[in-house]
Amino acid sequence: MAFGIRRGELQEWKEKVENGEIAFITHYWVHPRYKGITTVTKAGCCDVGKLIEWGRKYGLKEQLIHKRDHFPHFDLIGDVQREILQKEQQWEQIERFLK
């Protein structure tokens, strides 16, 4: 279950993904499998080859890509999420969701 984002933010992320950009969106998230994890960041791009190459920079395996609809993405959680958001200079998302 996702919450904490506005419709406009989701639409902006989708547009960037569809335009072939590596785009990030973070939201609050609760899943019983991941105790203590309260957020997830979706790092997406419609160009799967570009997404694979981007993921390799961070040690992310191609098999982890969610290939749903028109919005292929990696789900980033925990320490990996924070590390990647910092390296990608996603300061607003860090401040808002990962204090």
Side-chain angles (χ1 to χ4, degrees):
M1 177 189 213
F3 49 98
I5 56 174
R6 293 177 288 280
R7 185 182 315 242
E9 292 171 308
L10 180 59
Q11 189 58 40
E12 181 180 342
W13 178 80
K14 287 180 174 182
E15 288 173 8
K16 287 180 178 180
V17 169
E18 288 178 323
N19 287 332
E21 297 177 45
I22 301 291
F24 303 90
I25 191 164
T26 303
H27 58 79
Y28 292 109
W29 176 71
V30 177
H31 193 289
R33 239 173 86 195
Y34 301 99
K35 299 208 184 304
I37 301 291
T38 58
T39 61
V40 62
T41 298
K42 297 191 178 300
C45 182
C46 70
D47 180 338
V48 175
K50 183 176 180 179
L51 188 59
I52 290 167
E53 286 302 312
W54 175 87
R56 283 187 183 143
K57 288 191 326 190
Y58 299 108
L60 302 175
K61 296 179 181 169
E62 177 181 350
Q63 297 87 334
L64 297 176
I65 295 174
H66 293 267
K67 295 179 181 173
R68 296 189 186 131
D69 303 324
H70 301 287
F71 307 103
H73 65 276
F74 286 104
D75 282 341
L76 310 175
I77 61 173
D79 293 338
V80 170
Q81 175 189 25
R82 181 178 294 278
E83 177 187 336
I84 292 174
L85 287 175
Q86 288 173 338
K87 288 181 178 178
E88 293 289 334
Q89 300 182 9
Q90 297 294 308
W91 308 121
E92 189 274 332
Q93 293 192 52
I94 293 168
E95 179 64 25
R96 185 170 163 197
F97 294 100
L98 304 176
K99 291 182 188 179

S.K.: Show your working on side-chain contact (heavy atoms from CB on, under 4.5 Å) between Val17 and His70 and close with a plain yes or no.
M.R.: CA-CA 8 Å; Val17 169; His70 301 287; over 6 Å; no
S.K.: Taking atom CD1 of Ile5 and atom CD of Glu12, what is their separation to the nearest 0.5 Å?
M.R.: 11.5 Å
S.K.: Treating Gln90 as the side-chain partner and Phe24 as the backbone partner, does any N or O pair qualify as donor plus acceptor under 3.5 Å?
M.R.: no
S.K.: So, does Arg96 use its side chain to make a donor-acceptor pair with the main chain of Thr26 at under 3.5 Å?
M.R.: no
S.K.: Can you tell me if Lys57 has over 12 outside heavy atoms packed within less than 6.0 Å of its NZ?
M.R.: yes
S.K.: Would you say the side chain of Lys50 lies within less than 4.5 Å of the side chain of Glu53, judging by non-hydrogen atoms?
M.R.: no
S.K.: Distance-only check: which donor-acceptor pairs under 3.5 Å involve side-chain atoms of residues 74-87, not counting sequence neighbours?
M.R.:
from  : atom 1 : to    : atom 2 : distance (Å)
Asp75 : OD1    : Lys42 : NZ     : 2.8
Asp75 : OD1    : His73 : NE2    : 3.3
Asp75 : OD2    : His66 : NE2    : 3.1
Gln81 : OE1    : Thr39 : OG1    : 3.2
Gln81 : NE2    : Thr39 : OG1    : 3.2
Gln81 : NE2    : Thr41 : OG1    : 2.9
Arg82 : NH1    : Leu98 : O      : 3.2
Arg82 : NH2    : Leu98 : O      : 2.4
Glu83 : OE2    : Lys87 : NZ     : 3.1

S.K.: If I compare all heavy atoms of Gly20 with all of Cys45, which pair ends up nearest, and what's the gap?
M.R.: O-SG, 3.3 Å
S.K.: Consider side-chain contact (heavy atoms from CB on, under 4.5 Å). Of Ile52, Asp47, Ile65, which one does Pro72 pass it with?
M.R.: Ile65
S.K.: Does anything in residues 18-36 form a salt bridge (Lys or Arg N to Asp or Glu O under 4.0 Å)? List the pairs, not counting sequence neighbours.
M.R.: none
S.K.: Taking only residues two or more places apart in sequence or in another chain, which ones pass ring pair (Phe, Tyr, Trp, His ring centres under 6.0 Å) with Tyr58?
M.R.: Trp54
S.K.: How long is the gap from NZ on Lys16 to CZ on Phe71, to the nearest 0.5 Å?
M.R.: 14.0 Å
